[in-house]
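Input: a single structure, listed below in structure tokens.
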Protein chains: 2
Amino acid sequence: MEERDSDQDNKHNDDDHDDYEAVDIERLVRKEGRSNASSFLEREPLLRSRKNNTSQIAIVGANVYPIESLDYEIVENDLFKQDWRSRKKIQIFQYVVLKWTLACLIGLSTGLVAFFNNLAVENIAGFKLLMTSNLMLENRYIMAFVTFAGWNVALATCAAVLCAYIAPAAAGSGIPEVKAYLNGVDAHSILAPSTLFVKIFGSIFGVAAGFVVGKEGPMVHTGACIANLLGQGGSRKYHLTWKWLRYFKNDRDRRDLITCGAAAGVAAAFRAPVGGVLFALEEAASWWRSALLWRTFFTTAVVAVVLRSLMVFCQSGKCGLFGQGGLIMFDINSAVASYTAPDLVAVILLGIIGGIFGSLYNYLVDKVLRIYSIINERGPAYKVLLVISISLLTSCCAYGLPWFTGCVPCPAGLEEQCPTVGRSGNYKNFQCQPGHYNDLASLFLNTNDDAIRNLFSSRDAHEFHLSSLSLFFGAMFCLGIITYGIAIPSGLFIPVILAGASYGRVVGSILGSISDLDIGLFALLGAASFLGGTMRMTVSLCVILLELTNNLLMLPLVMLVLLISKTVADSFNKGVYDQIVKMKGLPYLEAHAEPYMRQLVAGDVVSGPLITFSGVEKVGNILHYLETTGHHGFPVIDEPPFTAAPELCGLVLRSHLLVLLKGKRFTKQKVLSGSDLLRRFHAYDFAKAGSGKGLKLEDLDIKQEEMDMYVDLHPITNTSPYTVIETMSLAKAAVLFREVGLRHLCVVPKTPGRPPIVGILTRHDFMAEHILGLYPDMKPQKHV
Amino acid sequence: MEERDSDQDNKHNDDDHDDYEAVDIERLVRKEGRSNASSFLEREPLLRSRKNNTSQIAIVGANVYPIESLDYEIVENDLFKQDWRSRKKIQIFQYVVLKWTLACLIGLSTGLVAFFNNLAVENIAGFKLLMTSNLMLENRYIMAFVTFAGWNVALATCAAVLCAYIAPAAAGSGIPEVKAYLNGVDAHSILAPSTLFVKIFGSIFGVAAGFVVGKEGPMVHTGACIANLLGQGGSRKYHLTWKWLRYFKNDRDRRDLITCGAAAGVAAAFRAPVGGVLFALEEAASWWRSALLWRTFFTTAVVAVVLRSLMVFCQSGKCGLFGQGGLIMFDINSAVASYTAPDLVAVILLGIIGGIFGSLYNYLVDKVLRIYSIINERGPAYKVLLVISISLLTSCCAYGLPWFTGCVPCPAGLEEQCPTVGRSGNYKNFQCQPGHYNDLASLFLNTNDDAIRNLFSSRDAHEFHLSSLSLFFGAMFCLGIITYGIAIPSGLFIPVILAGASYGRVVGSILGSISDLDIGLFALLGAASFLGGTMRMTVSLCVILLELTNNLLMLPLVMLVLLISKTVADSFNKGVYDQIVKMKGLPYLEAHAEPYMRQLVAGDVVSGPLITFSGVEKVGNILHYLETTGHHGFPVIDEPPFTAAPELCGLVLRSHLLVLLKGKRFTKQKVLSGSDLLRRFHAYDFAKAGSGKGLKLEDLDIKQEEMDMYVDLHPITNTSPYTVIETMSLAKAAVLFREVGLRHLCVVPKTPGRPPIVGILTRHDFMAEHILGLYPDMKPQKHV
């Protein structure tokens, strides 16, 4: 093993024994310009171009992407213990109150933002569609198209400019990044206030511009951003420095808040509070405990109450064009939920189709994202241009395709006005004569929410022609794929539901003779199958769909279709979010250990050089290693004369060292000065500041004469780091690392008489790229 | 520390460094008679009488209760590695197919059992009630009572005899035991086939006997038993020895199956597939992964489909008295779900009342259980007598109380026949003249399911008098408390729903003037509040209630009431299941570490004498320690001449040692014979047999001359046991132990030059009783 290590020393120069380090990365960001470094997607080709040299991928990845691991472990150092012992009952009470207050605030804010978002979209899009349809009524077809496309391009440009110039991290769905954050990977500025701002307004403009995108993914990201903002522990800039807030100055509590935020986002987007909790549990969170279930549930309950009250307020007509459509709730209560054997065959067929389409969709999204990343890499202007061209394409489709279908006479005995003239509605007149409507225009020239409601409708099986539905499915499938990845906030749920519901209706029309199921139910099952095929969630999707449609009687059918489509799709590729996480190079830790890890031991993947500090260390030494390495954790070794033989004292964090050095409580002699430090410092001084706000190396001002002085590291040394013996199977070490939520895992020697620590394992060391780079002859097996 | 250890050596004679050992306990069971030792409840007074000597509680508990820890850790020994490397693709495929087949079978069986249960209950209870009501119609009131009470006593006696003489473990709800099992504690015969048999039939007789008990808890236990039976990996007795089945011969895969079983049980009891999954997740399971979510979901989907098809079959009238009532589904769709501020006040009030009643209920259940355990301890005959007396009391209440209320004239314009004469129905005539009905009799002289349906009914706000409802609430509250704990399978859901719904209706009647909410909705919210107050679940209860009532629009109100009642009740005491788990002395590991654990280190709680084996050990030595200790794991130390200095090789399990000794591959000299053993044995030889079926010490037949021979322990030594350094904070060790799901945790020394292992931590060492016994001056703090 020693030989191997020395072979690799050149490769593993300073990225080993630690994870992707923020310090190095921040320099990189400053050097390369912000917008360029903080969007991951555009760096992808760089990663790919070097892929031949497998062993460097992880390293390249580590230096290129501004990612930082999160510290979920409780740092049990002397300061913590002192603070712990002195903790009073009132503080515990304050903490509990604050915890629930924050959960409530997250729910409240997310609910308000979601409502504002819907209100804005409905009004902008409604105004645009009304203008277009009025012009068409006057037979000014070209003018109508110009207006329609002009509005779309203008709105799209707004969204793209915001996204490209202010917060590139706001592009896309955001769910993969939130998922990675909750797994312990903080991607740079992913939850920053600027991202939140762009996500909200970019999403409004993007959805109003008629893109085939949803607001659901962005809502999840928005919820997480809000939670992160509230969990910052106050802000010195805005003089929000209440003492209470500091309880949340750690990654552990922030993680819980962000889980609540993600759940609130889904709950707000779909008005599905239980679905939101389950989404957070099944898809977003990597660690979960019962207490969190309860808090998440409370947050989503607040969201539900807020949304309900605001919608009641709007029923009096004070909200402009905001109708019932704003917050989707597709009421297909009328559908009868009895089914027979032929129906089950139809459902199984739908599930299989959904699985195949879903995996194809994921495959194509991946390919398109890789192409887009080449374009996006060239600069913000190219991003905006790409958005404008996709917008024009979408406008052409939406306005052009309805010309290819004929007119349908209005059904008799409708309560609703048909065709809808002079207001937004479901029967679009388009080019037809009075008394007729264009079925395809009713789908295309509507908001996405209204289009879904039309597709789920069970009023009339012949409301939409088979050809129109097929055309609409094709358009949605393709537009959905090419729209995801452009520089606007774009959710995947709505495009998938649109495409799924339309082929569900197609299948329903074809099988109408053998199955008695309602055509609206077929649309719902189609949407479920396609969602299952792309996102690969089960329980949460099922509950979201049930809450959306408010009909529990079709539960077994929805379950069945989801199970089949997920099974079919899983045999081809991974879920779309996992795929994006992987493509962005975010080091996501899976819940299970990979089979090849059983053939290795922990000592096989650690590699030098390991930098350790002495219990009482020279200031100059510390500064030197802080400057020259990017490591975030350093083992502390107690040595003679303080102990009989060298022994592992614990682990000290870079951020804590910076605070300690800033405090300048140095001693001239190599003596234990811990008790003095314990009086001078308080545990909260070492609390983790919000992202980017912590002390930096440049903030230190160490004089030359202080370089030769000593500082006692014991008070800030975590004396209980998790350790594994070097002969521990790597698979078991990975399970420990993931289950306990670690950032550093110390590897200790098995045989006596060697230095007390062999190395440190970090997230990076468990990544397939790293391990397979070291041992290229190992084959990744499929896990069962 | 050394001094402390020696002080305690006498106390910790042979229970230390290991968990509660099945071997010792089985002897105890044989000595004391089976029925006496395998029911935990009855041993409670013994435990209490010794409580003064705090440090012995755990030990007493350990020897008295037949409990065994489960091995969830993968034993990575040489045999496993050899097997792992040789694993073929077809085997992985077989494993996956088997996994899903078993999940399907569990769903199928649980669905069938649940249906059979309901069919039997509905027919028996229906027949009984019909006979009684026919006698009343002829004014033979005393004869009617004798018939009613006679039937009840007869059925109750059947249930009690089954329970007391055949499987005492089948008494009670079963949810606490399943919860403990999924936490890693296997209580003796808790999932045995005899328990399954008694659970099914005892539950049928018990519910049909008119006790205030439900079939929901028993269904969960039944589901878990079915899963355990299917996961036994075949049976040599019945010649089911398919090779495939052996893949499931380990605690890890069995745990997953039993989780599926528990979910299937809830799904079957309430026809709530999503609720079942969430119940398993929130209440039952201690470890959870995404893959399991999916499998559980599949199982409950199968249950839903099975139940639906059987109910469709019954609609044609082939199932006797089995009506819609069998599988509860309370349709209160008609209720309008709009609410205003005063309604919210009413809901908050209900939540608070529910919290207070709920915690009071838990308190009283605990007290009553302690009294009953004294009676039950005396023997099976006393158990049966107790059941008979409670049955008589229940009959008196059900038949006597309706006499105290007046008659209500039948409402006009009903579709239903009123009063119901000569058949089971909702308007019981009782003693009233024609055209009138007795409202209290409509609640009492019905099956529990029909009573709940009546309470949830929103037909007429004045259907039930306030006084009748209050009387009914009082009776249900008291009968529920005194019925749980007698020797019949008894669920807690139904009594709690009955009591909750009745006070909900009372509150609704009183607040009728200020709140516009439907009276049926009040009953639902009352049931929710009482459930929240006793069981302290949130999301799963919410979903179960929504699936029961098939109305999603009241979701926010149900959420609110659950949150409030749980919060209020949590400030008084623990949830009812946690309370029972604790009372039964099951060593349940909480998900969080207790605060006082932060003040201790791992080395503080381990205590000697530690028994270790050498890498190549003398057969006689092994046999001696297997005989004289109850330990289940022994550290293996590699010593010179095989290594330069003593070092920890790993951990060997008792069950594996027994198999190895049975194989008799001994050597005369102290040499490494591992490669020979690897050829002779196969990993499957060491697979864990079903409970009680493994090799026992008595099965070995070691001759005297073999005693001085050697055996190489390396092939069966788990070379990757999890370890902590002795100075690791106990809190962190506890987190590791719980999160990774361990049975043994090795404590290694910090300083060099000492033996390579200090001790072993087991579940027992993390129990509050043990730690506070060692350090009586530590105060358990409330965890936040």
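Chain A is the first sequence line, chain B the second, and so forth, proteins listed ahead of strands; every chain is numbered from 1. Treat the numbers as computed from the prediction; the structure is a model and nothing was measured.
The candidate from A:Leu648, A:Val724, A:Leu562, A:Val302 with the greatest count of non-hydrogen atom pairs under 4.5 Å with chain B is A:Leu648. Residue with the most contacts toward chain B among A:Val740, A:Leu563, A:Thr643, A:Ile725: A:Leu563 (heavy-atom pairs, distance under 4.5 Å). Across B:Val748, B:Leu293, B:Leu278, the residue that shares the most heavy-atom pairs under 4.5 angstrom with chain A is B:Leu293. Comparing B:Met537, B:Lys81, B:Glu73 by how many heavy-atom pairs each has under 4.5 Å with chain A, the most go to B:Glu73.
By the salt bridge (Lys or Arg N to Asp or Glu O under 4.0 Å) test, A:Asp253 is found to be paired with no residue, residues two or more places apart in sequence or in another chain being considered.
Side chains of A:Ile74 and B:Arg598 form a contact here, defined as non-hydrogen atoms less than 4.5 Å apart.
The parts of A:Thr300 that come within reach of chain B are both its backbone and its side chain, each placing non-hydrogen atoms under 4.5 angstrom from that chain. With a 4.5 Å cut-off on non-hydrogen atoms, A:Glu283 does not touch chain B at all. For A:Thr567, the parts lying under 4.5 angstrom from a heavy atom of chain B are both the backbone and the side chain. Contact annotation for B:Ala291: neither backbone nor side-chain heavy atoms come within less than 4.5 Å of a heavy atom of chain A. Of the two parts of A:Tyr722, the backbone and the side chain both hold a non-hydrogen atom closer than 4.5 Å to a non-hydrogen atom of chain B. Of the atoms belonging to A:Pro756, not a single heavy atom falls under 4.5 Å from chain B. Interface remark: A:Leu736 contributes backbone and side-chain atoms alike to the contact with chain B (heavy atom separation under 4.5 Å). Using a 4.5 Å cut-off between heavy atoms, A:Cys746 makes no contact with chain B at all. Interface remark: A:Glu282 contributes backbone and side-chain atoms alike to the contact with chain B (heavy atom separation under 4.5 Å). Both the backbone and the side chain of A:Val539 have a heavy atom closer than 4.5 Å to some heavy atom of chain B. Contact of A:Ala602 with chain B is not made at all, since no heavy-atom distance falls under 4.5 Å. Both the backbone and the side chain of A:Thr723 come within contact range of chain B, each with at least one heavy atom under 4.5 Å from a heavy atom of that chain. Only the side chain of A:Ala304 has a heavy atom closer than 4.5 Å to any heavy atom of chain B.
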